[in-house]
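Heads up, the thing below is written out as structure tokens.
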Amino acid sequence: MIRSNMRIIVCIKQVPDTNEFKIDLETGIMIREGLPCVMNPDDKNALEEALRLKDEYNAEVIALTMGPLQAKDVLKEAMAMGADEVILINDLSFAGSDSLATAAILAAAIERIGHYDMILCGMQAMDGNTGQTGPQLAELLNIPQITYLKELNIIDNTVTATKWTESEKYTFKLNMPVLLTVNNELNDPRIPTMMGVMKAYDEAGEKKIKVWGANDLDIDIEQVGIKGSVTNIYESCLTHINRVSTIIEGEDEKEMAKSLAMKLSELNLI
Amino acid sequence: MKSVKVNQNNLNDYSDIWVIGELNDGKIHPVTVELIGKGKELINNLTGKKLNVIIIGYGVQNSAEKLLHYGVDKVLYVEHNLLKSFNTDYYVKAITDLIEDRKPEIVMMGSTYTMKDIGPRIAARLGTGLISDCTELEIDSSDGKLIQTKVSFGGNLLSSAICPNNRPQMVTVKPGVMNKAERSEEASGKIELVIPKLSENDTRLNLILKEVLEKKQVNLDKAKIVVSGGRGLKEAAGFDLIRELAEVLNGEVGASRVPIEAGWIDSSHQVGQTGVTVKPDLYIACGISGAIQHQAGMYQSKYIVAINKDPNAPIFKICDYGIVGDLYEVIPQLIESIKEKRMF
């Protein structure tokens, strides 16, 4: 059964490209200037999934981001890939919001958008790595969620979704609206077509970007931004200054292997 | 708009440290015992607080009793037939209701897919803060607040956060990072059965299939972890060991030129100038000397580990961590250490 008029909102975030992260070798300080910004990788997979549903069911795809004016770049990229409508949430009072405050702002914007059937989000942003915004948005909108989506089928208003954990696979059936979070295992994002790029990056493309500020949303600004957030950054420092080769010493292989495993888990690698 | 944050004036009503335990087929997840270990450490820096473990499920009394051997003050087991299988809606409601009722000051969970699914939702429902994927936790001696530290920006930034004005302070902690609490032969502490108020109307999810997962399919260029073998393997059978390590890490298998040319493994696994360029978070080079052609395909990896017999191998100059030793001795020990940290 083919559904018409399905409406999908994709939440995307512009992040610094951490693969291009550079350190000043003399001072050990992170070089921020010229650090390129990209669409968060998991979010691109979320957008691809929405566009796949657009191809299949003629769904309408709305890309939503919050950030500085520079974040228009990711919206243009989303348009070039095939998003129908793009919205930037931009207000100085929103800066410094933690994940819960961000979810609250996105929820307010989605309420303003009005009707929707599905929200797609990346599982995790590669800058902050909180992985919380998706589930918190679902909670604030009071809709069900499926995280770590691996398979998706839609019949009428019903979604059949398979999610993974480390060791198990669950398939749930549920009615829309629903929020889904995805990562790069789900699909391979499309490359924008030449036509798509031309349309997105010309003057008409720029004009298509809607910009909403605090006054456009039903939101209590006391509850968002750096002051309104429930969590605060206490301190930050750089970890990986330079590749310093450390040879792991130990009595025997067992001891060396053990300290290596310890180091790797301290670094969040295993 | 509904109010998101709950500004609380009654922070002193919140006490005790909770560990939300995790079970898998009745077995206690190692991260639960690690969190208990950390919880005991935190409690030493706080006066008058208790350490409780919460487990949820159906028929979990046995597991609750097992947890009494780790020196906690109380184990609460939340039982309901609707909690038999994972369900976001039921799990979130059961845990949130219990938190609202008992008011813990700190709630710790493992950074597993299950807890990362429900943790943020619970925090949002309570209107409090959650810091995810922490690798270090400590109590600020000046005001008793929990300082939560994590790695972000692709492993480049270490940042600490606090949740000053809301309770509980919630955190998910990476498995394998904290030291496990020691098991004692004798059981201690109290045990309490909690029956949550749940009905089928509380969920919108209908579970139609639950399966045990076999190995994930990941491509070499997308893999977060790559384990590669080289000349030092000496024979095709050496890749069995490389595969085993890759499997334990949920990573992919790579190779340098020599094994490909010797026919020990298919050329699709080749990393280097000829072959695939990889940029995983972790690259483990086993028995690979590190010729410049190989380096070209992997030097952008976030972290590089080298295992090689020859202390003068060039790979040791570009690695983060190196072990000089026989890979046939080191890798089995490494597999065992990782399993101890991560697996059931």
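Everything numeric here is computed off the predicted structure, so don't read it as measured data. FYI, side chains are in, hydrogens and waters are out, and symmetry mates aren't considered; it's all heavy atoms of this structure. By convention in this document, chain letters (A, B, ...) are assigned in the order of the sequence lines, proteins followed by strands, and residues within each chain are numbered from 1.
You'll find the side chain of I208(B) stays beyond 4.5 Å of the side chain of F172(A), heavy atoms only. Side chains of T231(A) and I131(B) form a contact here, defined as non-hydrogen atoms less than 4.5 Å apart. A 4.5 Å side-chain heavy-atom check between F86(B) and K163(A) finds at least one atom pair inside the cut-off. Under the 4.5 Å side-chain criterion, counting only non-hydrogen atoms from C-beta, L209(B) is not in contact with Y170(A). Within the 4.5 Å cutoff, side-chain heavy atoms of L260(A) are placed close to those of Y321(B). Annotation: side chain of L207(B) is not in contact with side chain of T171(A) (no heavy-atom distance under 4.5 Å). Using a 4.5 Å cut-off on side-chain heavy atoms (C-beta onward), R125(B) and L140(A) make no contact. The shortest distance between side-chain heavy atoms of N206(B) and L174(A) does not fall below 4.5 Å.
K317(B) touches chain A through its backbone: at least one of N, CA, C or O sits under 4.5 Å from a heavy atom, while the side chain does not. If you measure heavy-atom distances from N308(B) to chain A, you find no contacts under 4.5 Å at all. Interface remark: Y299(B) contributes backbone atoms only to the contact with chain A (heavy atom separation under 4.5 Å). Using a 4.5 Å cut-off between heavy atoms, T162(A) does not touch chain B at all. Residue A107(A): no heavy atom, backbone or side chain, is found under 4.5 Å from chain B. In this structure, chain B has a heavy atom under 4.5 Å from the backbone of I143(A), while its side chain stays farther away. Only the side chain of M123(A) comes within less than 4.5 Å of a heavy atom of chain B; its backbone N, CA, C and O stay farther away. Heavy atoms closer than 4.5 Å to chain B are found nowhere in E255(A), neither backbone nor side chain. Both the backbone and the side chain of K173(A) come within contact range of chain B, with heavy atoms under 4.5 Å apart. Proximity to chain B (any heavy atom under 4.5 Å) is shown, for N232(A), by both the backbone and the side chain.
Taking all atoms of both residues into account, the shortest heavy-atom contact from D281(B) to L269(A) is O-CD2, 3.5 Å. Shortest non-hydrogen contact noted between G131(A) and P120(B) is O-CG, 4.3 Å. Scanning all heavy atoms of the two residues, the minimum distance from D133(B) to Q124(A) falls at OD2-NE2, 3.5 Å. The two residues Q145(A) and T88(B) make their nearest non-hydrogen contact at NE2-CG2, 3.5 Å. Taking all atoms of both residues into account, the shortest heavy-atom contact from M256(A) to I323(B) is O-CD1, 3.7 Å. Pairing each heavy atom of N24(B) with each of E168(A), the nearest pair is OD1-OE2, 3.8 Å.
Atom CD1 of I226(A) is surrounded by 12 or fewer heavy atoms from other residues, nucleotides or ligands within 6.0 Å.
The OG1 atom of T165(A) sits 12.5 Å away from the NZ atom of K116(B) when rounded to the nearest 0.5 Å. Atom NZ of K254(A) sits about 8.0 Å away from atom OG of S337(B), to the nearest 0.5 Å. One finds the CG atom of N268(A) at 11.5 Å from the CG atom of L282(B) (value rounded to the nearest 0.5 Å). Between the CD atom in E139(A) and the OG1 atom in T96(B) there is a gap of 7.0 Å [rounded to 0.5 Å].
Interface summary for chain A: among T114(B), T172(B), T112(B), the most heavy-atom pairs under 4.5 angstrom belong to T112(B). Contacts with chain A were tallied for R121(B), K210(B), E211(B); R121(B) has the most, counting heavy-atom pairs under 4.5 Å. Of the residues considered (G129(B), C163(B), G119(B), S132(B)), S132(B) shows the highest number of contacts with chain A, using heavy-atom pairs under 4.5 Å. With chain A as partner, the option from P311(B), C319(B), G325(B) having the largest number of non-hydrogen pairs under 4.5 angstrom is C319(B). Contact count against chain A (heavy-atom pairs under 4.5 Å) is highest for L130(B) among I122(B), D89(B), L130(B). Of the listed residues (V92(B), V324(B), I147(B), D140(B)), the one with the most heavy-atom contacts under 4.5 Å to chain A is I147(B). When each of S265(A), S245(A), P135(A) is scored by its heavy-atom pairs under 4.5 Å with chain B, the top score falls to S245(A).
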Going through the distances and angles, do E340(B) and K258(A) end up as a side chain to side chain contact (heavy atoms under 4.5 Å, CB included)?
CA-CA 10 Å; E340(B) 248 170 54; K258(A) 228 178 172 167; 4.1 Å; yes
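Under the 3.5 Å distance criterion, the side-chain polar atoms of E166(A) are matched with a main-chain donor or acceptor of Y113(B). With T147(A) contributing its side chain and D117(B) its backbone, the two residues share no donor-acceptor pair below 3.5 Å.
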